[in-house]
Enquirer: 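Quick one: the structure is below, and I'll ask about it shortly.
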2 protein chains.
Amino acid sequence: MNQAAAYLSLAAKLQQRIVNGELPAGSKLPSERALCGQFEVSRVSARDALHALESQGLIYRLNRMGWFVAPPVFIYDPTRSSSIQEEAISQHRALTTELLSAAQETPPIQVSKALKQAPTQSAVVVTRRRAVDQRWVLLEICYFRESAFPDLLSHDLAKSLTALVREQYGYRARELDVSISSSPLSPSHAQHLQVREGCPSLKLERQVKVAGEPIALEREFWLHDAIEMRVKGQGS
Amino acid sequence: MNQAAAYLSLAAKLQQRIVNGELPAGSKLPSERALCGQFEVSRVSARDALHALESQGLIYRLNRMGWFVAPPVFIYDPTRSSSIQEEAISQHRALTTELLSAAQETPPIQVSKALKQAPTQSAVVVTRRRAVDQRWVLLEICYFRESAFPDLLSHDLAKSLTALVREQYGYRARELDVSISSSPLSPSHAQHLQVREGCPSLKLERQVKVAGEPIALEREFWLHDAIEMRVKGQGS
DNA sequence: CAGTGGTCTAGACCACTTA
DNA sequence: AAGTGGTCTAGACCACTGA
């Protein structure tokens, strides 16, 4: 066999330290220039190693603050009836939610279509970001049909929306159409999650229907390395 | 605002050509060195641009053969009762399947656990790769409980396994536990899909149960930019 | 064989964060 | 102001591909 590439060998050494627990979850790695010195590689090679570990979900970067060891993935059922809050508690993870905006707006065309309303018709749009164990990992954009959610804006929208929908508005028997795909983050989404533009994410789109009629559309962008989704289904 | 970075501006120009149809799906991009010349950037910048488009799923690379425009995503229901073959036909996509190996082996421990059998107990392991529109996008590893699938190896395993399970073995009323996560490809998996080690993939694990007992475990590794998953669910 | 991407060096300046 | 990652140059050699 040939000699391992310098960046792969550095990546392996860092990985070793991480799985050993020498570098625990959430801790900061040495700076890129420090790695160059310690391991006698060029900065390009050091960065290649970091990129490799990043794409494996082992580490992540915060703006220009440095590289950090990623915490374990959060497990999540996108067809959930329970709220994310409840799932976080059962996994002993700290969840924080921040309301970014809430207003009555005209949604994008695809959203209008999914809600089965005219493109000129407005909807209530709620945008939030959520952190698991202090790391922002989820950007959430919910579009609600106004007719189905009167006075929505007067409620506390930093709390569980799932509970609000269920308890204040009494929607219990819901159907969900869920779509999951890989999607690069837009500049503004990336900024809210403190990652860079174009960063890969798992995009989850959830159309909520009651009696066959759509009442809401939820879009979630999860940092791809932060989540694992689990679904139960039935074969024919 | 500041001047756009050279690599972002190059990426935007290439993206333009792709969405225009000037560079249709499947076509080859100019070589990295050609791009350096045409756009007067260093090779590093050219590569950064290509990497950005790659992470957006717009282009992909084949070994050392060059960069190519990616075809549209394949849409797929992981809780499907229909076979992938059937889904491909309804989407007018060409699907090819290649059997890589089929044998009786002792599976990894996690698999034994999921199948609820002793770690020493063997299982029938079938490995295949599948292409959509001539591009290898899926590596599939199926573990079958021997007791549930007698004489499995004597069948044609390049054909639809879904149909085989349903028609030859008569398992109709199945339950599925599905898990979806992001996972880097191992060296051997990457090689089969003609991409490089560590390439991000969507990992799908599907536990098949009949009357509450697991009879098979299927693992699928999809190139992350090639697929979109859709699921239907029920709220509480 | 020539062409391609894969890896690498040793520098440089910029933009942003934190203090 | 000091430290960090982000971007960039102009080269180089290697490993693998295809004809």
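Chain letters run A, B, ... following the sequence lines, proteins first and then strands; every chain starts at 1.
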Enquirer: May I have the distance from A:L10 (atom CG) to C:dT9 (atom P), rounded to whole angstrom?
Expert: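 It works out to 11 Å between those atoms.
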Enquirer: What parts of residues 33-52 of chain B reach DNA chain C, counting only heavy atoms under 4.0 Å away?
Expert: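 Correct list: B:R33, B:R43, B:R47.
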Enquirer: What's the closest nucleotide to the side chain of B:A5 if the choices are D:dT4, D:dT7, C:dG5?
Expert: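 When the side chain of B:A5 is considered, D:dT7 is the closest of D:dT4, D:dT7, C:dG5.
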Enquirer: From C-beta outward on B:M65, which listed nucleotide comes closest to its side chain: D:dT7, C:dT17, D:dT17?
Expert: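 Nearest nucleotide to the side chain: D:dT17.
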Enquirer: Rounded to whole angstroms, how far apart are CD on B:Q194 and C1' on D:dT17?
Expert: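 Distance, rounded to whole Å: 11 Å.
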Enquirer: Assess, by modelled atom type and distance only, whether the side chains of A:R128 and A:T97 contain a donor and an acceptor separated by less than 3.5 Å.
Expert: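 There is no such pair between these side chains.
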Enquirer: In whole Å, I'd like the distance from the CZ atom of A:R64 to the C1' atom of C:dC16.
Expert: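 Result: 5 Å.
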Enquirer: When you measure from the side chain of A:R206 to the backbone N and O of A:P78, does any donor-acceptor pair fall under 3.5 Å?
Expert: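 Yes, the answer is positive, given that a donor and an acceptor are paired below the 3.5 Å cut-off.
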Enquirer: Is it true that the NZ or CZ of A:R135 lies under 6.0 Å from the centre of A:Y60's six-membered ring and within 45 degrees of the ring axis?
Expert: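 The answer is yes, since A:R135 meets both limits relative to A:Y60.
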Enquirer: Can you name the side-chain contact (heavy atoms from CB on, under 4.5 Å) partners of A:H155, sequence neighbours left out?
Expert: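 With neighbours one apart ignored, the set is A:L164, A:Q168, A:Y169.
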Enquirer: Atom CG of A:L53 and atom P of D:dG5: how far apart are they, to the nearest Å?
Expert: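 My rounded result for the distance is 14 Å.
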Enquirer: Rounded off to whole Å, could you give me the OH-to-P distance for the A:Y7 and C:dT9 pair?
Expert: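 Roughly 13 Å, once rounded to whole Å.
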Enquirer: Taking atom P of D:dT17 as reference, at what distance in whole Å does atom CG of B:L62 sit?
Expert: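 So the two atoms are 11 Å apart, to the nearest Å.
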Enquirer: Parallel under 30°, tilted from 30 to 60°, perpendicular over 60°: which one fits the rings of B:W67 and B:H51?
Expert: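 Judged by the thresholds at 30° and 60°, the geometry between B:W67 and B:H51 is perpendicular.
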Enquirer: Taking side chain to side chain donor-acceptor pair (under 3.5 Å) as the cut-off, I'd like each qualifying pair that reaches into residues 6-22 of chain A, sequence neighbours left out, listed once.
Expert: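 Found A:Y7-B:R196.
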Enquirer: Check the distance between D:dT4's C1' and A:W67's CH2 and give it to me in whole angstrom.
Expert: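 About 12 Å, once rounded to whole Å.
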Enquirer: Can you tell me if A:R61 touches the phosphate of D:dG6, counting only side-chain N or O atoms and a distance under 4.0 Å to OP1 or OP2?
Expert: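 So the side-chain polar atoms of A:R61 do come within 4.0 Å of the phosphate oxygens OP1 or OP2 of D:dG6, strictly under.
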Enquirer: Atom CZ of B:F68 and atom C1' of C:dG5: how far apart are they, to the nearest Å?
Expert: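 Distance check: B:F68 CZ to C:dG5 C1' gives 11 Å.
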Enquirer: Taking CD in A:Q191 as the centre, count heavy atoms belonging to other residues, nucleotides or ligands within less than 6.0 Å. Is the count above 12?
Expert: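 Check fails, neighbour count at 12 or below.
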